[in-house]
Protein chains: 2
Amino acid sequence: MRYRRADVVDRAVGMLDRVGLDGLTMRKLAAELGVQPGALYHHFTNKDALLAAVADELLTRGRRATEIVTWDAELRLVCVELRDAMLACRDGATLLARVHALGLGEVDPEQRMYDVLQRAAADDDVARIGARTLLHFVVGHVSEEQVARPEPRSAAAAAAPESGDFHLGLSLVLDGLRQRLR
Amino acid sequence: MRYRRADVVDRAVGMLDRVGLDGLTMRKLAAELGVQPGALYHHFTNKDALLAAVADELLTRGRRATEIVTWDAELRLVCVELRDAMLACRDGATLLARVHALGLGEVDPEQRMYDVLQRAAADDDVARIGARTLLHFVVGHVSEEQVARPEPRSAAAAAAPESGDFHLGLSLVLDGLRQRLR
DNA sequence: ACCTGAACACCGTTCAAGT
DNA sequence: ACCTGAACACCGTTCAAGT
């Protein structure tokens, strides 16, 4: 059988959601695809590259249309979108953190937040650190959410108690940013 | 030869600093101690427990006297202390993040920050989320610092350009908190 | 109590050789 | 180009048996 990159990534996403990040091994993924482990290295240079592709896929799936209103509403929307993308899949936050730490992945929500802050006429320092801080907040917060309840959550269950915590934490950072815009 | 828990942890800290988190394996640590791999399991139930002990050791070493002045100065001090504890050792932030994610480790800076906010008469929500957000900020920020420069940094080189970024990010969150303390 | 010896059940990665 | 077969160089962990 023949597989394209996208097929491998799709399988990997499904497998991640089922067995978690620790269970997602090259050997088991190959087995699911009915292929030898070594075959995966024809599509990806190594496991980190595969994980980066999985992360990009999750972020792309979670992408929504952005209505530009105000800088803070837009940042909030990007952060909620990012959170939902990670919550859509078991260990999503841990995966994103790992890929980000390695400097891999094409889709870059931090850059997006940086751009929003630039457009709001923030100093470059403020924009850079603001975007970074927001990213760390979201990844850190969702990591914590996914420790307790590792199962994927349905869209209906999205209004969990954690959501309030998330928005409160987000407001903390956004309020801090507001004080530094002009 | 006989080893106490503390000896094993000390060796593990030194090894972590030299070879990084990926290089710190049970087998290599055992080899450095001149002992069989299985012997380590007499002192620690598993690798995560060992890593938790290492994290606790790093945090304990970094502990300084806290002069209680104002809530924000104290929080800033706790965060700087936490950052320095992680910067003192290669991959310190990644280690802390992992141990925290597993809910292990005795020393808990988040609890300490929570207490400070409580004393400042913050609502329980604000105190809880404030402490969590600060912890995520520090761990996330330092992780990023240690990606670029994985070598341990001397105390003299602590005033790196990253320090300014750190304090700016910290101020963002602290300012947000200030608005929620009556 | 503390450690050895030796195994068990895995990993990621490489690479000649096949089609 | 894409995959197989088979290996290489590792892991964490367990556990009878020794002292």
Side-chain angles (χ1 to χ4, degrees), chain A residues 1-57 90-91 94-95 97-99 101-105 150, chain B residues 1-57 90-91 94-95 97-99 101-105 150:
Chain A
M1 271 181 206
R2 289 292 163 80
Y3 292 98
R4 292 170 307 121
R5 253 184 82 103
D7 297 329
V8 178
V9 172
D10 272 0
R11 271 284 197 175
V13 171
M15 196 169 161
L16 173 63
D17 199 27
R18 280 200 325 278
V19 300
L21 192 51
D22 287 339
L24 178 55
T25 71
M26 296 299 268
R27 300 180 97 105
K28 285 179 187 157
L29 175 59
E32 278 210 11
L33 290 164
V35 108
Q36 293 293 320
L40 294 176
Y41 291 84
H42 200 268
H43 300 279
F44 301 93
T45 59
N46 54 33
K47 186 177 182 177
D48 286 327
L50 195 168
L51 291 181
V54 171
D56 283 344
E57 176 63 23
R90 168 122 80 124
D91 289 343
T94 310
L95 172 71
R98 176 166 166 177
V99 170
L102 295 173
L104 301 174
Chain B
M1 271 181 210
R2 289 293 163 78
Y3 293 99
R4 293 169 306 120
R5 254 184 81 103
D7 298 329
V8 178
V9 173
D10 273 359
R11 270 282 197 176
V13 171
M15 197 170 161
L16 174 62
D17 199 28
R18 278 200 326 277
V19 299
L21 191 51
D22 286 340
L24 178 56
T25 72
M26 296 299 266
R27 300 180 99 105
K28 284 180 188 157
L29 175 59
E32 278 209 9
L33 290 164
V35 109
Q36 292 294 319
L40 293 176
Y41 291 83
H42 200 268
H43 300 279
F44 302 92
T45 59
N46 54 33
K47 186 175 183 178
D48 285 328
L50 196 169
L51 291 181
V54 171
D56 283 343
E57 175 64 21
R90 168 122 81 124
D91 289 342
T94 310
L95 172 71
R98 177 166 167 177
V99 170
L102 295 173
L104 302 174

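If you're wondering where the values come from, they're calculated on a predicted model, not measured in any experiment. Reminder, nothing fancy here: chain letters follow the sequence lines and each chain counts from 1.
C:dC10 and D:dA9 have their P atoms separated by 22 Å, given to the nearest Å.
Atom CD in A:Q36 sits roughly 17 Å away from atom P in D:dC2 (whole-Å rounding). Rounding to whole angstrom units, OH of residue B:Y41 and P of C:dC2 are separated by 18 Å. Rounded to whole Å, atom P of C:dA1 lies 18 Å from atom CZ of B:R4.
Heavy-atom nearest nucleotides on DNA chain C were determined for A:D48 and for B:A39, and the one closer to the 5' end corresponds to B:A39. Nearer the 5' end of DNA chain D, as judged by each residue's closest nucleotide, is the contact made by A:H43, out of A:H43 and B:G38.
The main-chain N or O of B:R4 is found under 3.5 Å from a side-chain atom of B:D7 such that the two form a donor-acceptor pair. The backbone N or O of A:P37 sits nowhere less than 3.5 Å from a side-chain atom of A:R27 that would complete a donor-acceptor pair. For B:R90 (side chain) and B:R18 (main-chain N/O), a donor-acceptor pair under 3.5 Å exists by modelled atom type.
In the set C:dT4, D:dT13, D:dT4, C:dT4 carries the atom at the smallest distance from any side-chain atom of B:V35. Considering only side-chain atoms of B:T25, the nucleotide from D:dC3, C:dC11, D:dC11 that sits closest is D:dC11. Relative to the side chain of A:H42, the nucleotides C:dT13, D:dC2, D:dT4 differ in distance, and D:dC2 lies closest. Comparing C:dG12, C:dC3, C:dA7 against the side chain of B:R27 picks out C:dA7 as the nearest.
Under the Watson-Crick or G-U wobble criterion, with both distances below 3.5 Å, C:dA1 is paired with D:dT19. Judged by Watson-Crick or G-U wobble contacts below 3.5 Å, the nucleotide D:dT13 has C:dA7 as its partner.
Close to D:dC10, at under 4.0 Å from its OP1 or OP2, lies no side-chain N or O of B:K28.
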